[in-house]
Amino acid sequence: MKNLWKRLLGRRWTFLAVSTAVFAGFEFLICAVVAGIDLPALFAEVSKNFPPAMKGLIEQYIGGFGSADLLAFAWNHPVVLAAGGAVAIVLASHAVAGEIEEGTLELVLGQPVSRGRYFAAHAAFAAATLAVMSLAGVGAMILGQRVYHLRAVGAASIVLMAASFFLLQLTWFAVTLFLSAFGRTAGRVSFAGFLLALLSYLAHTVGQLWPRAAFLVRYSVNGYHDPRSIAKSGGIPAGSLVLFFLLIAVFLGLALWKFERRDIP
Amino acid sequence: MAPLVIEGLSKRFGPIRALDGVSFSVEAGEVFGYLGPNGAGKTTTLRIVLGLIHAGAGSVRVFGQDPKEVRSRLDVGYLPGEVRLYGDMSGEAILDYFAGFRPGKPPRLRATLVEALGLVPSDLGRPVKFLSHGTRQKIGLVAAMQHDSALLLLDEPTTGLDPLVQSAFRALIRGFASRGRAVLLSSHVLSEVESVCARVAILRQGRIVTVDTIEDLRARTLRRLEVRFKGAAPAGLDSVPGIARADIQGSTARLWVRGDVNPVLRRLAQADVERFVFPEAELEDIFLAFYAKGAA
């Protein structure tokens, strides 16, 4: 396990460090934006010629222009979703399909290491990486609020929003790992993983913006990651927790089931 | 107990029958050759032994264990047919990485192997992606052999190695056998198998054609004998016992002999021979004889 972790860290540390820096940097920057710009006034100025329906839609998408709303939106912004999703999907697609594509899995599994242990090492590494990334976001947002004298969202709420973000990204890891267990090339698996994540994001966004498509939110994984409601209620809805844990368990289980049974390479 | 015992092993990939009832065993202290052309099923067999591919039917026992058990691979060194290493790692890091999977078994042969195969520090210090195919092959060999494992599985091990290194490799393999290690050497380079193996199995389209000693295989094969006479070739050569085929053109006769050669030599002694060539049987001849028979 330690050997595999060391290898994964050695190989991916640049990518992981950059993704984490982008993510944490964005969380910090959003504090600067919220503290330094009067966004409600700016939005009112910019949107004064917008049709009322469009103004309503934008407000609904962002969730309001209060400081807490904007900081909560920072955990659901496309930039952070892309940074987290990239880490989850790249790690999952390379865990099996990428190693098969490179021809290295044969040599690794020819060593006295079980497929279960190999699989567990990759899953644990991804979970640890996403946890570190989420905690970096927590640290950046707490630091940003201190630096810019904001008291919009408490540390406990930030941790919960980060936990929700972590569970969402771990779900994408599990789904992509399931695809990876069947695949032979990392590129195709990554593409499929990104496509699913994108479809989920679009379904969630369209469902939020268009009342007639509101039913889509229920069918989007992103619909269960709702930082705004966490910031308001101070807790992750039980339904979201159940869904995330269920999806993670089912897809990791199916991925391991397939991985144990497939012929390598 | 033999380190490796394979009985009735079969495997299909969809409609393709990759292995069909393969049986053989490799004893401790033995270098066992596994011969066959590309696509015969050699690599599939090795992958099943390592638990990489699941057997369709039959049984494989590695030190008495099922290949699905991790314990079966504790004392096995493996070199794949196509050595693909992490390009971003240095040779040294790769050797350490693979050694890390056996924390209780230090890579005590590494220095010896590195020296014998002619690897220099600069080879081991550079990222593998910048190394030649031959150097990568050497690193793969060191990774497979560095633990002095009780069973070595080597798939086409001399691919890309120059003749001097091939010779060093053969000496290393003999050393393994002399220390009681079992070696399964898969190859289609027949001279390589001939020079180090005591027994060989010949595989054709997933089936074992024969398992025999090199000596017995030689005895069973057709050997070519070329004779030039001072005058015309004597008549009736093709009816001499042991001669399977005779091509006679003027004063030159090409004879294919099977088994005891003495009747042929006695008949030739009665003639006036100018030139006589009777080379050592090559495994190629044996191999082709089996294939020709199979094709017929």
Side-chain angles (χ1 to χ4, degrees), chain A residues 1-18 90-91 93-122 124-125 180-187 256-265, chain B residues 11-14 18 43-44 46-56 62-63 65 67-90 93-94 96-105 128-129 136 139-140 143-144 147 149 152-155:
Chain A
M1 186 85 93
K2 192 177 142 193
N3 208 29
L4 289 165
W5 269 50
K6 202 172 144 189
R7 165 69 195 139
L8 282 170
L9 195 60
R11 184 168 207 198
R12 302 263 171 238
W13 78 268
T14 312
F15 167 66
L16 297 176
V18 168
V90 166
L91 289 179
S93 62
H94 281 82
V96 180
E99 291 271 347
I100 287 176
E101 185 180 7
E102 288 185 52
T104 45
L105 190 58
E106 179 180 5
L107 207 45
V108 173
L109 292 181
Q111 310 301 317
V113 57
S114 69
R115 294 190 191 199
R117 185 172 274 263
Y118 175 88
F119 187 89
H122 278 266
F125 181 80
S180 189
F182 286 86
R184 289 188 173 275
T185 54
L256 178 60
W257 179 83
K258 175 61 186 171
F259 184 52
E260 289 275 12
R261 279 155 187 77
R262 78 177 285 182
D263 289 337
I264 306 288
Chain B
K11 176 71 182 177
R12 295 187 78 95
F13 293 110
T43 300
T44 300
L46 264 61
R47 286 175 176 162
I48 290 174
V49 170
L50 285 160
L52 296 168
I53 290 179
H54 301 288
V62 185
F63 302 110
Q65 309 273 342
K68 286 176 192 158
E69 302 289 331
V70 178
R71 283 177 296 171
S72 71
R73 297 194 290 279
L74 281 175
D75 213 0
V76 177
Y78 173 54
L79 178 82
E82 196 182 341
V83 179
R84 309 263 298 268
L85 304 168
Y86 297 106
D88 60 313
M89 291 172 92
S90 70
I94 280 173
D96 287 342
Y97 176 62
F98 286 111
F101 289 108
R102 292 176 174 84
K105 204 165 193 290
V128 163
K129 64 185 168 195
R136 286 184 217 180
I139 291 169
H147 294 282
S149 300
L152 276 182
L153 304 172
L154 306 174
D155 194 358

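Each chain gets a letter, A, B and so on, in the order the sequences are listed, and its residues count up from 1.
Under the ring-ring contact (aromatic ring centres under 6.0 Å, His included) criterion, A/F15 pairs with no residue, sequence neighbours left out.
Counting all heavy atoms, side chain and backbone alike, B/I53 lies closest to A/I264 at CG1-O, 3.7 Å. Taking both residues in full, the closest heavy atoms of B/L50 and A/G110 are given as CD2-O, 3.7 Å, listed atom of the first, atom of the second, then distance. The shortest non-hydrogen separation linking A/P112 to B/L74 is CB-CD2, 3.7 Å.
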Check chain A and chain B for donor-acceptor pairs under 3.5 Å and report each one on its own line.
| unit_1 | atom_1 | unit_2 | atom_2 | d |
| --- | --- | --- | --- | --- |
| A/N3 | ND2 | B/Y97 | O | 2.5 |
| A/R7 | NH1 | B/D88 | OD2 | 3.2 |
| A/R7 | NH2 | B/D88 | OD1 | 3.0 |
| A/E99 | OE1 | B/Y86 | OH | 2.8 |
| A/E99 | OE2 | B/Y86 | OH | 3.3 |
| A/E101 | O | B/R84 | NH2 | 2.8 |
| A/E102 | O | B/R84 | NE | 3.1 |
| A/E102 | O | B/R84 | NH2 | 3.2 |
| A/E106 | OE1 | B/R47 | NH2 | 3.1 |
| A/E106 | OE2 | B/R47 | NE | 2.9 |
| A/E106 | OE2 | B/R47 | NH2 | 3.4 |
| A/E106 | OE2 | B/Y78 | OH | 2.4 |
| A/L109 | O | B/R73 | NE | 3.2 |
| A/Q111 | O | B/R73 | NE | 2.9 |
| A/Q111 | OE1 | B/R102 | NH1 | 2.7 |
| A/V113 | O | B/R73 | NH2 | 3.0 |
| A/R115 | NH2 | B/G51 | O | 3.0 |
| A/R115 | NH2 | B/L52 | O | 2.8 |
| A/E260 | O | B/H54 | NE2 | 3.1 |
| A/R261 | O | B/H54 | NE2 | 3.4 |
| A/D263 | OD1 | B/H54 | N | 2.9 |
| A/D263 | OD2 | B/K11 | NZ | 2.9 |
| A/I264 | N | B/L52 | O | 2.8 |

